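What follows is one structure encoded as structure tokens, with my remarks underneath.
Numbering of residues begins at 1 and proceeds along the displayed sequence. What you see is a predicted model; the values in this text were computed from it and never measured. Worth knowing before you read on, the calculation uses all heavy atoms, side chains too, and leaves out hydrogens, waters and symmetry mates.
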Amino acid sequence: MKLSDVKTGSDPKQWAICDRQRLIHTHIHEHGMVNPIVVDSEGNLQFGGCRLQYAVLKGWDQINAIVSDDPREVKKLQDEQSLFEYTFLEDQYIERKQQEQ
């Protein structure tokens, strides 16, 4: 997907970069973009902001993306990708999602 087609509420170049983002950016630099971003059919970013920010800051033209308008599928993908991040993020930077009861 062209980076210019991804819609966000603000410019990723202007997003703050905290320790969690630095760790993700470092992992991408060392291992490549392992997971794609997820957008809806209109190009609105659903999640993958750190990956999108990295690609924008590095001047990429394209980024791998999964397009989904199904909220259940988006949640499933988000959970899977979050579990992957748990393998390299330090505990204090992991955002644990509560399971729906």
Check: Ile63 and Lys2 side chains under 4.5 Å, non-hydrogen atoms: no

Nearest-0.5 Å distance that lies between atom CZ in Phe84 and atom NE2 in His27: 4.0 Å

Results of side chain to side chain donor-acceptor pair (under 3.5 Å) for Asp5 - residues two or more places apart only: none

Side chain to side chain donor-acceptor pair (under 3.5 Å) partners of Asn64, counting only residues at least two apart: none

Contact summary for Ile37 and Gly48, nearest pair of heavy atoms: CG2-O, 3.4 Å

Close side-chain approach of Phe47 and Lys75, heavy atoms under 4.5 Å: no

Residue pairs fulfilling salt bridge (Lys or Arg N to Asp or Glu O under 4.0 Å) with at least one residue in residues 22-32, sequence neighbours excluded: Asp19-Arg22

Heavy-atom pair of closest approach, residues Cys50 and Arg20: SG-NH1, 3.7 Å

Close side-chain approach of Leu57 to Lys13, heavy-atom, < 4.5 Å: yes

Donor-acceptor under 3.5 Å (Lys7 side chain, Leu45 main chain): no

Asp61: salt bridge (charged side-chain N to carboxylate O under 4.0 Å, His left out) partners, not counting sequence neighbours: none

From CA spacing to verdict: side chain to side chain contact (heavy atoms under 4.5 Å, CB included), Leu3, Leu52: CA-CA 8 Å; Leu3 280 177; Leu52 176 66; 3.4 Å; yes

Hphob cluster co-occupancy, Val6 + Trp60, side-chain heavy atoms under 4.5 angstrom: yes

ILVMFWY cluster, Val34 and Ile24 together (side-chain gap under 4.5 Å): yes

Reported CG-to-CD distance for the pair Asn35 and Gln81, which is rounded to 0.5 angstrom: 4.0 Å

All pairs passing ring-ring contact (aromatic ring centres under 6.0 Å, His included) where residues 1-26 contributes a residue, at least two apart: His25-Tyr54

Gly43 to Met1 - nearest heavy-atom pair and separation: CA-CE, 4.1 Å

Chi angles and distances behind the side chain to side chain contact (heavy atoms under 4.5 Å, CB included) call for Gln46, Ser68: CA-CA 9 Å; Gln46 299 300 299; Ser68 179; over 6 Å; no

Short N-O contact, Asp70 and Arg72, less than 4.0 angstrom: yes

Which residues share a side-chain contact (heavy atoms from CB on, under 4.5 Å) with Asp69, sequence neighbours left out: Asp40, Ser41

Hphob cluster co-occupancy, Met33 + Val67, side-chain heavy atoms under 4.5 angstrom: yes

